[in-house]
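Numbered from 1 within each chain, the chains take letters A, B, ... in sequence-line order.
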There are 2 protein chains.
Amino acid sequence: MSNIASGNTIAAVAALIGDPARANMLSALMGGQALTAGELARHAGVTAQTTSGHLARMADAELVVPQKQGRHRYYRLASPEVARVIEALSVLAAEGPKRHHPVGPRDEALRRARTCYDHIAGRLGLALADSMQECGHIVLADGAGIITSAGTRFLAETGINLDSSPSKRPLCRTCLDWSERRPHLAGRLGAALLTRLLDLKWIARTPDSRALRITKAGESGLAQTFGIPHDWHSRP
Amino acid sequence: MSNIASGNTIAAVAALIGDPARANMLSALMGGQALTAGELARHAGVTAQTTSGHLARMADAELVVPQKQGRHRYYRLASPEVARVIEALSVLAAEGPKRHHPVGPRDEALRRARTCYDHIAGRLGLALADSMQECGHIVLADGAGIITSAGTRFLAETGINLDSSPSKRPLCRTCLDWSERRPHLAGRLGAALLTRLLDLKWIARTPDSRALRITKAGESGLAQTFGIPHDWHSRP
DNA sequence: GCGACATTTCGGCCAATGCCGAAACATGGG
DNA sequence: CCCATGTTTCGGCATTGGCCGAAATGTCGC
């Protein structure tokens with residue numbers, strides 16, 4: 001008889017994620033931004049009371065953390081580890097029983113560029129990863145990457161800062177892309193890249209969605225720095 | 001309003017894992033071996049009828065796959081992706097609300113060496129990873145590794161075969177060790193290493209447990225090939 | 001302080017589902 | 001062929017837990 005305790009505790013966490021309303025809230029939080037209880041209620045499709053209960057339980061289990069701000073209460077994912085669980089579950093859910101998502105216009109925006117917790121996913125995410133790899137700035141292999149010395153210089157020149165970090169988080173890992181089935185950059189590098197591109201206003205968040213919009217400045221900047229051609233936008 | 005469908009399907013998978021009985025069965029299957037319905041019932045602590053229902057549902061969702069053999073019915077995890085979900089959940093469950101596992105003798109055996117789905121975990125897993133890294137056979141970084149050319153030679157000499165594989169599985173990733181909180185080798189390399197060491201009879205599976213036993217031959221072999229000292233056994 | 005808004009607490013309803021006993025299929029061995 | 005063993009199906013019981021309406025608490029702007 002193997003250790004029941006561990007089975008039980010993973011069951012407790014999984015059960016928490018295993019409710020459609022809570023799963024929808026967590027999926028929404030995968031966008032990386034903190035959301036208010038009300039917004040989460042809308043995402044989940046249940047009333048505010050119900051949502052409150054769900055959030056309390058998830059906060060108790062340390063899946064999310066609340067943050068008071070005025071009369072709102074913001075919630076965000078408690079840690080990258082939580083994001084990894086959701087990510088792993090998404091992969092499984094996507095493969096499983098043959099499920100063909102009809103591709104709507106909203107989907108199209110998400111496929112182009114979106115946030116994935118704290119980094120960039122979608123075709124833009126792949127393009128950035130490919131570019132950095134081709135230029136010899138990083139070497140990718142099996143779920144992680146190594147930053148080369150040329151890469152370190154490149155990051156410094158581009159204003160992407162990696163040193164300010166709570167130490168134990170992986171520097172450069174990859175994350176399997178939900179829509180494209182190929183890995184993009186995650187980890188501290190992925191997070192820093194998203195932050196920098198937002199700072200530069202090359203990309204911008206979209207209200208109420210995980211989709212990212214590429215700005216005019218972004219088109220030039222991405223072309224110049226990462227060699228992403230201007231006509232990339234009109235391509236599949 | 002974000003995509004409810006995806007939230008629902010990950011909820012379905014999570015809900016399946018979120019039952020203590022089922023979670024225990026999946027944990028047991030993390031040992032990497034196929035187990036019979038009866039054995040799984042014992043692991044889960046429920047009757048055979050109940051187990052049968054659980055297994056049917058998990059097979060339906062493609063979390064496990066059944067395999068008929070005589071009057072037994074063997075079940076194993078359906079894919080490495082399923083293992084990753086369980087793994088990610090374990091990390092979360094271990095960190096969460098401060099949970100101090102009292103260390104029993106059975107636990108001690110597991111901490112020393114055990115299987116983790118299809119590769120080696122515990123202190124032996126770490127020692128192997130450390131050894132290969134120190135010898136320059138692999139370079140580890142953030143959740144994955146790269147096999148050097150010296151490493152390729154080393155693996156060939158040691159009889160560890162990587163080429164026979166269904167292609168898309170990562171070659172060398174790492175997996176966060178539940179007991180030691182440091183990464184050990186997983187992916188195809190980890191799997192091949194486990195297989196080879198079992199073939200050589202340097203290590204042996206333990207009935208009814210994920211623990212691995214190191215044989216006499218193993219002590220010498222590991223010392224000679226991986227530089228793991230003979231007194232390693234008696235160390236913390 | 002007062003009204004508008006965001007969130008939480010309480011109470012009760014209802015559906016979903018995990019569990020087991022009993023019995024029905026399978027399968028292999030004598 | 002029949003019995004022992006492993007596994008599944010069926011039926012019914014009990015519990016869990018998600019949901020909402022109503023009302024309380026907190027917080028902002030005036």
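At a threshold of 4.0 angstrom between heavy atoms, the contacts of T51(A) with the nucleic acid are absent. When heavy atoms are screened at a 4.0 angstrom cut-off, A48(B) is found touching base atoms of the nucleic acid. Within the 4.0 angstrom heavy-atom criterion, only backbone atoms of the sugar-phosphate kind lie near Y75(B); the bases stay farther away.
No side-chain heavy atom of V91(B) sits under 4.5 Å from any side-chain heavy atom of V85(A). M25(A) is listed as a side-chain neighbour of M58(A), based on a closest heavy-atom distance under 4.5 Å. In this structure, the side chains of V13(A) and I17(B) stay at 4.5 Å or more apart for every pair of heavy atoms.
Distance CG (L16(A)) to C1' (dT16(D)): 14 Å, rounded to an integer number of Å. For D19(A) and dG18(D), the CG to C1' distance is 7 Å, given to the nearest whole Å. One interatomic measurement links the two molecules: CD of Q67(B) to P of dT27(C), which rounds to 15 Å at whole-angstrom precision. Following rounding to the nearest Å, M58(B) (CE) and dT17(C) (C1') show an atom-to-atom distance of 15 Å. Put simply, CD on Q49(A) is 14 Å from C1' on dT25(D), counting in whole angstrom units. Taking atom OH of residue Y74(A) and atom P of nucleotide dT27(D), one finds them 15 Å apart after rounding to whole Å. Atom CG of N24(B) and atom C1' of dG18(C) are 14 Å apart (whole Å). Atom pair L40(A):CG and dA6(C):P shows a separation of 14 Å (rounding to whole Å applied).
Comparing R57(A) and A37(B) along DNA chain D, the residue whose closest nucleotide (by nearest heavy atom) sits nearer the 5' end is A37(B). Residue order along DNA chain D, read from the 5' end via each residue's closest nucleotide, puts L55(B) first among R22(A) and L55(B).
Between H72(B) and dT7(D), a side-chain N or O to OP1/OP2 separation shorter than 4.0 Å is present. At dT25(D), none of the side-chain N or O atoms of R71(A) fall inside 4.0 Å of OP1 or OP2 (strictly under the cut-off). Applying the 4.0 Å criterion to OP1 and OP2 of dG18(C), one finds that T50(B) has every side-chain N and O outside that range. Contact between the side-chain N/O atoms of K68(B) and the OP1/OP2 oxygens of dT27(C) is found at a separation under 4.0 Å. Applying the 4.0 Å criterion to OP1 and OP2 of dC20(C), one finds that T47(B) has a side-chain N or O inside that range. Between R73(A) and the phosphate of dT27(D), there is no side-chain N or O to OP1/OP2 separation shorter than 4.0 Å.
Taking 4.0 Å as the cut-off between side-chain N and carboxylate O, E87(B) and R84(A) do not count as a salt-bridged pair.
The aromatic rings of W202(A) and F226(A) lie perpendicular to each other, with more than 60° between the two planes, well past the 30° mark.
Side chain of S52(B), nearest nucleotide from dT8(D), dG18(C), dA22(D): dT8(D).
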